[in-house]
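Below is one structure, written out as structure tokens; the observations come after it.
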Amino acid sequence: METRREFLALASAGAPFLLPGAAWRSAPLARDPRPPEEAAGDEDLWSTVQAAYALDRSILNLNNGGVCPAPRAVIEAQRRYEEHAHEAPAYVLWRLQDPRKETVRAELAALFGCDREEVAITRNASESLETVQLGLALRPGDEVVTTDQDYPRMLTTWRQRVRRDGLVLRTIELPVPAEDDDLVVQAFEAALTPRTRVIHLCHVINLTGQILPVRRIADLGRARGIEVVVDGAHAFGHLDVRCADIGADFYGTSLHKFLSAPHGTGMLYVRRERIRDVWPLMAAPESLDADVRKFEEIGTHPVGVRLAIAEAIAFHRAIGPARKAARLVHLRDRWARRVAAHRNVKLWTSLAPGRSSGVALVELLGIPPLELQGHLWSEHRIYTVAIEHARFRGIRVSPHVCTSAHEVDRFAEVLLTLAEKGLPD
Ligand SMILES: Cc1ncc(COP(=O)(O)O)c(C=O)c1O
């Protein structure tokens, strides 16, 4: 590893930082000896990462929380695999490409810090989580505890089980923002009864970027024999997430969000001893009962998108998970701290360390979020998403590592002008 002085000398030489496309690997980003928080604000450094993406910068995409772009190298890998597959599909897809998914499984396991036999590659967080939600054997009257801030599709899935299987769904309200982990844990604890079989919660709440104390809640569940299902859609590839820090038996995530893997990729982690207890969504032979691959029995599908996950992981590792997490918080702070003091601005996201991620929810008092979202798009080509929740509202803002500091500053200026003057007539 270079010393700090050598590294900075290399950085000031400039050249290694400006290589687009697949050549980003020669950038010394991963070897940067500075603490992540210090590197997080070095714009020269992050320009290499930005250059690795083929973006349309005539628009400013601040809805990366929905789904993220992949860097060029990932898209190129995906395209190569796909072209190859079409040369002789049955041979290439099934004989050559399919077995290589095992490398991706091992890479995902290494990133998450679990055994490769605990990782299923899926199409998205929805598939991962529904596999567990619909696959756990539950009886009429069994209770599921979740929150009113969980993802609508996941709530829909539980509600379908309520109608179909007679489960009871208890939906708790957490404070927004939640500044005190004790209150969060107590809210879950208060909802538990002797009939509670499942706790379902987000690791990072998609509406506000709030980070929940998943480890404490997983421990709470384990102590009472309750299944804990963690929705990691916004957390994986965003925070530096390690399996041991979660402590739950089930963790489902998309990979096409902050990991920047191809669209249509996800991961399901199931603790090894629990694989047998979950039925797959699509039937698998009995011989796979205890094999995590039973969750991948989906018939013919494009394998290339799955193999290109390995390229996204290489990109993620080259940045460094901790450095990436720090950069996303840095970008959030850069706009959110600037606008927060304005009398007409309400932040629904805590900016205290460790409470939230790079995603934040902001309300301009007096401006309905949908109108604000529409104005930002039509007048400034800034793309955000309006959130209307029963207890809070605003626009959700989610930059990514491909977003520049200049772009975030531009957004903050527009927001401050609107906070001061309101929407034009
Ligand atoms: C918290 C949460 N869970 C699950 C999902 C579903 O993700 P996907 O559409 O990739 O399946 C999302 C998507 O935004 C989400 O935010």
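Just follow the structure's listing: the first ligand is 1, and inside any ligand the first atom is 1. Quick caveat: nothing in here was measured; it's all calculated off a predicted structure.
Atoms of ligand 1 lying under 4.0 Å from any heavy atom of Ala233, numbered from 1 in the order shown and given with element: 2 (C), 3 (N), 4 (C), 5 (C), 12 (C), 15 (C). Of all atoms in ligand 1, numbered sequentially from 1 with element shown, those under 4.0 Å from a heavy atom of Arg153 are 9 (O).
In this structure, Arg381 forms a cation-pi arrangement with Trp377, its terminal cationic atom sitting closer than 6.0 Å to the ring centre and no more than 45° off the ring axis.
With a 4.0 Å heavy-atom cut-off, ligand 1 is reached by the backbone of Ala125 and by its side chain too. Looking at Cys202 against ligand 1, only its side chain comes within 4.0 Å, counting heavy atoms. The side chain of Lys257, and not its backbone, has at least one atom closer than 4.0 Å to an atom of ligand 1 (non-hydrogen atoms only; side chain from C-beta on).
Among protein heavy atoms, atom 7 (O) of ligand 1 sits closest to Ser254 OG, 3.5 Å. Looking only at heavy atoms of the protein, atom 11 (O) of ligand 1 is closest to Ser126 OG, 2.6 Å. From the protein, the heavy atom lying nearest to atom 1 (C) of ligand 1 is Asp231 OD2, 3.3 Å. Among protein heavy atoms, the minimum distance from atom 15 (C) of ligand 1 is reached at Tyr151 CD1, 3.3 Å.
Enclosure of atom NE2 in His406 is not indicated, since only 12 or fewer non-hydrogen atoms of other residues, nucleotides or ligands lie within 6.0 angstrom. A 6.0 Å sphere centred on CD of Glu388 holds more than 12 heavy atoms belonging to other residues, nucleotides or ligands. No more than 12 heavy atoms of other residues, nucleotides or ligands sit less than 6.0 Å from atom OH of Tyr383. Surrounding CZ of Arg343 are more than 12 heavy atoms belonging to other residues, nucleotides or ligands, all under 6.0 Å away.
In this structure, His256 counts as a contact residue of ligand 1, since one of its heavy atoms falls inside 4.0 Å of the ligand.
With salt bridges taken as basic N to acidic carboxylate O contacts below 4.0 Å, one links Arg222 and Asp249.
You'll find the side chain of Thr403 reaches within 4.5 Å of the side chain of Val408, heavy atoms only.
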